[in-house]
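These notes are about the structure you will find just below.
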Amino acid sequence: MKKINFTYKGLYLAMAFAITSCSEAVISDDAGKAESKGGNILVSATVVPPIEDLSALNSRVLSGENENHISNLHVLAFNKAGEMIANGFSDFSMDGQKEFTLNLGVDKADQKVTLFAIANIDNTLIFNSHDMNLETFSHLYVKAENANSLESGTYSIYKSNGEKFCDIINQSSPILISEGTTITVEKDGTTTAQLNLVRQCAKVTLTVHPNDVNIYAYQLRHIPTISYLKNNQENYSDPEFSDVPVKFVEDGESVTDVTFYIYENYNDAVLDITAQKQRNPSKAPADASYINIWGKYNSIEGDEMSTMYRVYLGGVDDEGHQDLKQFTLRRNQNYVYDVTLRQNGTADPRCITGKKTPNYGDFLFSDGSWGPYVNATAKRYPVAIIYRNETTEQDQSEGYMHGYAMALKDASSSCTWYDAFDICKNYSEPVPMGAKEWFFTDEKDWFDLFVNVGGVTGTYNPAKSDGKAMDNNDVATFRTNINAKLQDISDDLCEKYITDQVFWNATEANNSSNAYRTYIIAGYLQYGNWTSKSNLHKVRSAIVF
C-alpha cells in the first residue's frame with residue numbers, strides 16, 4: 001500500500017486599510033447623552049478608499065462584491081465615562097475620497113473622546129439607543145446561523161446577555177471596523193482624526209499541488225460562527241463552531257487560490273511542536289480550524305485508494321512569521337496555504353488512507369485509516385467493523401465519504417432505551433480522525449451487519465411490526481462468519497459474538513413506550529423485536545467515516 005504525506009508552507013500578510021467614511025453625517029436625534037450648549041464641536045476625517053480590487057475571488061462572504069467595499073458607515077463617539085455622546089450614519093457607497101464630519105453636540109473643549117467607525121452594516125438605527133455605552137458596544141457579537149450562512153452575509157448581532165440586538169440580512173460585504181481612536185477635542189474649529197478600518201474576518205487562500213494524487217473534494221471545518229464586533233479576545237470563552245459543506249472537485253479540476261473568509265479563532269500555542277508533521281489531531285487544540293483535502297490514487301495492487309489530508313490553519317506569530325506552535329487565526333489577516341501532496345513512503349499523522357470503497361468486514365482503525373486486520377499495529381488498533389461502504393448525501397456533504405462501522409465493544413452492558421442515545425454518543429473509544437461522533441445503532445445498522453458481514457440472508461422490512469428476523473434465524477452462520485473476522489483481535493479490544501446477546505436499537509416500535517431490540521440468541525437472529533423502553537439491555541455504538 002502506498003503511504004502518502006504532505007507538506008505545506010503558510011504565509012501570513014497583514015491587511016490594513018485607511019479610514020472610511022461618508023459625506024455630511026450629523027448627530028442622530030436620539031443618540032446623545034449631552035445636548036449642545038452653543039458651540040458645535042466637530043470631528044472630521046478624510047476618507048481614502050482601499051486600493052485593492054479583489055472582486056473576482058471565490059468568496060464565502062462577499063457574494064461577488066469587492067471585499068474592500070465600504071458603505072453604510074456608522075461613526076460612534078464615547079466620552080471619558082464611556083457614554084455615547086454622538087453617532088453618525090451615511091448610506092453612501094465608497095467611490096473616491098470623501099470627508100466625514102461628526103457633530104459631537106457639546107461645547108466643552110479639551111475633553112477626551114474615543115471614536116469608532118463601523119462599515120457595511122445597513123441597519124440605520126442600530127446604534128441609536130440611549131442605553132448604548134462603550135461597555136455594551138465592546139461586548140456586541142455577531143452570530144451566523146452556521147458556517148455556510150456566511151456566504152450570503154446573513155447574521156444577527158447580540159448583546160453579552162444573549163439578547164438579540166438586530167438582524168443583518170444579505171449584507172454583501174464583510175464588516176469593517178476601526179479600533180478605538182482617542183482624541184482631545186478642540187472648542188473652536190474642527191478636530192481631525194484618522195480611523196483605520198480593518199476587516200472583522202480573516203482571509204484564507206488555499207492552493208493544492210496534487211502530484212499523482214487526484215483531488216476529489218475539500219472542506220473547511222470547525223470554524224467559529226461567533227465574532228465580537230470590537231476585537232475583544234478575552235470574551236472568546238464559549239465559541240460556537242460549524243463546518244462548510246464539502247466542495248467536490250471534478251476530475252482534472254485544480255484547487256488554486258480558493259478563498260475562504262473566517263471569523264477569528266483564538267487557541268493556545270502548543271509549545272512542543274517543532275515540525276510540520278506534528279500539526280496533527282493528536283497535538284492540535286480541540287478548537288483549532290482546519291481544511292480536509294480528499295484525494296484518490298491507484299495502489300500497486302490496482303485498488304482505488306482514498307487518502308485524506310488535514311491542514312491546520314494558523315501557523316504564524318503576531319508579526320506574520322512562521323511559527324508552527326500557533327493555531328490562532330486573527331481578524332484582518334491574509335493566510336496563504338500552498339499545499340504539496342507527495343508520496344515518499346513515510347507515514348504522516350496528518351493523513352489517513354484506505355480503499356476508496358471499503359470492504360465489508362474490514363476495520364476502522366484508531367488513527368482513522370481502514371482496511372483488513374493485517375494493517376493493525378500497536379498504535380493503529382481496530383475500533384469498529386465496517387458493515388456499509390457508502391454514505392448518504394448528507395453525510396458526504398459533511399465530509400464523511402466512505403462508510404459506516406459498528407464498535408467492537410459494547411457502550412453499555414445494561415441500560416434503558418432512554419439512556420442509550422447519550423451512552424452511545426459518549427462511547428469510551430475516542431473518535432478516529434476523519435470520522436463523525438459515535439451514534440446509537442438502529443435496526444437497519446444491525447440488518448446490514450447481519451447480511452454484509454455475517455453472511456446471512458434476509459429482506460429488510462422497515463415497517464413497524466414485531467419479530468423482524470433474518471431468513472431461518474441463522475444465528476450459527478452469523479456467529480461463524482463475524483467471529484472469523486474478529487478471531488485475531490485481543491479480547492480487550494473486542495467482544496466476540498459467542499454468548500446470547502440482546503441489544504437495544506434506536507428505532508421506536510408501535511407506540512411511544514416501546515422500542516425495538518436486536519436478538520442474537522439461539523434460534524433468534526432478529527433486528528426488530530419490541531419491548532418496553534424501561535427494560536435493561538446492551539447497547540452498541542456505530543460511526544460514519
Side-chain angles (χ1 to χ4, degrees), residues 14-28 31-37 39-48 50 70 72-90 98-121 126-142 157 159-160 165 175-200 227-236 264 318 330-333:
M15 295 183 176
F17 296 99
I19 152 155
T20 70
S21 215
C22 60
S23 57
E24 299 180 351
V26 297
I27 187 170
S28 301
K33 293 260 184 198
E35 296 181 356
S36 176
K37 297 181 180 179
N40 289 324
I41 296 181
L42 307 178
V43 175
S44 177
T46 302
V47 180
V48 180
I70 299 170
N72 301 316
L73 185 86
H74 302 260
V75 177
L76 312 184
F78 298 93
N79 64 17
K80 188 176 181 179
E83 301 168 317
M84 188 172 71
I85 58 174
N87 78 58
F89 172 81
S90 177
K98 294 180 181 292
E99 184 175 285
F100 174 84
T101 301
L102 180 67
N103 184 346
L104 297 183
V106 297
D107 62 359
K108 181 180 178 182
D110 301 324
Q111 66 170 304
K112 300 290 185 180
V113 173
T114 301
L115 304 171
F116 290 89
I118 308 101
N120 300 332
I121 294 179
I126 179 174
F127 299 112
N128 290 21
S129 172
H130 283 289
D131 65 355
M132 177 60 63
N133 54 45
L134 186 55
E135 177 71 12
T136 299
F137 173 73
S138 297
H139 290 83
L140 294 178
Y141 61 89
V142 176
I157 299 179
K159 295 183 179 181
S160 59
F165 195 63
I175 294 174
L176 307 176
I177 185 169
S178 71
E179 292 301 309
T181 299
T182 301
I183 60 172
T184 302
V185 299
E186 301 173 0
K187 182 175 181 179
D188 299 319
T190 300
T191 303
T192 60
Q194 179 168 311
L195 309 179
N196 294 315
L197 288 180
V198 298
R199 296 186 184 93
Q200 189 188 20
S227 176
Y228 283 86
L229 197 59
K230 178 180 179 293
N231 199 3
N232 204 356
Q233 179 175 351
E234 64 271 17
N235 289 329
Y236 283 87
E264 62 267 86
D318 291 344
R330 294 173 178 82
R331 65 173 61 192
N332 203 57
Q333 306 300 334

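Keep in mind that this is a model prediction, so the values were computed, not measured. Residue numbers start at 1 and run along the sequence shown.
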*asked:* Between Thr136 (side chain only) and Met132 (backbone N and O only), is there a donor and an acceptor less than 3.5 Å apart?
replied: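 Checked: no pair found.
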*asked:* So does Phe127 get a backbone contact from the side chain of His74, meaning a donor-acceptor N/O pair under 3.5 Å?
replied: no
Atom pair [atom1] ([X]) and [atom2] ([Y]), whose distance is rounded to the nearest 0.5 Å:
X      : Y      : atom1 : atom2 : answer
Ile126 : Asn72  : CD1   : CG    : 11.0 Å
Met84  : Asn79  : CE    : CG    : 11.0 Å
Asn87  : Asn128 : CG    : CG    : 4.5 Å
Lys230 : Leu134 : NZ    : CG    : 7.0 Å
Ile177 : Asn120 : CD1   : CG    : 11.5 Å

_With Thr181 via side chain to side chain donor-acceptor pair (under 3.5 Å) - residues at least two apart_ =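 Residues passing side chain to side chain donor-acceptor pair (under 3.5 Å) with Thr181: none at all.
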*Could you tell me which residues satisfy side chain to side chain donor-acceptor pair (under 3.5 Å) with Thr182, sequence neighbours excluded, listed by chain and number?*
Thr114
*Search all heavy atoms of Arg331 against all heavy atoms of Glu264 and return the closest pair with its distance.*
NE-OE2, 2.6 Å
*asked:* Can you give me the closest heavy-atom contact between Gly82 and Asn133, atom names plus distance?
replied: O-CB, 3.3 Å
*Under the salt bridge (charged side-chain N to carboxylate O under 4.0 Å, His left out) rule, collect the residues that match up with Lys159, sequence neighbours excluded.*
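Testing Lys159 for salt bridge (charged side-chain N to carboxylate O under 4.0 Å, His left out), a comparison that skips the adjacent residues, returns Asp131.
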_For Phe116 and Phe78, take the angle between the two ring planes, folded into 0 to 90°, and tell me which bin it lands in: parallel under 30, tilted 30 to 60, perpendicular over 60._
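Ring orientation, 0 to 90° scale: perpendicular.
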*Return the set of residues passing ring-ring contact (aromatic ring centres under 6.0 Å, His included) with Phe165 (not counting sequence neighbours), or none when no residue passes.*
none
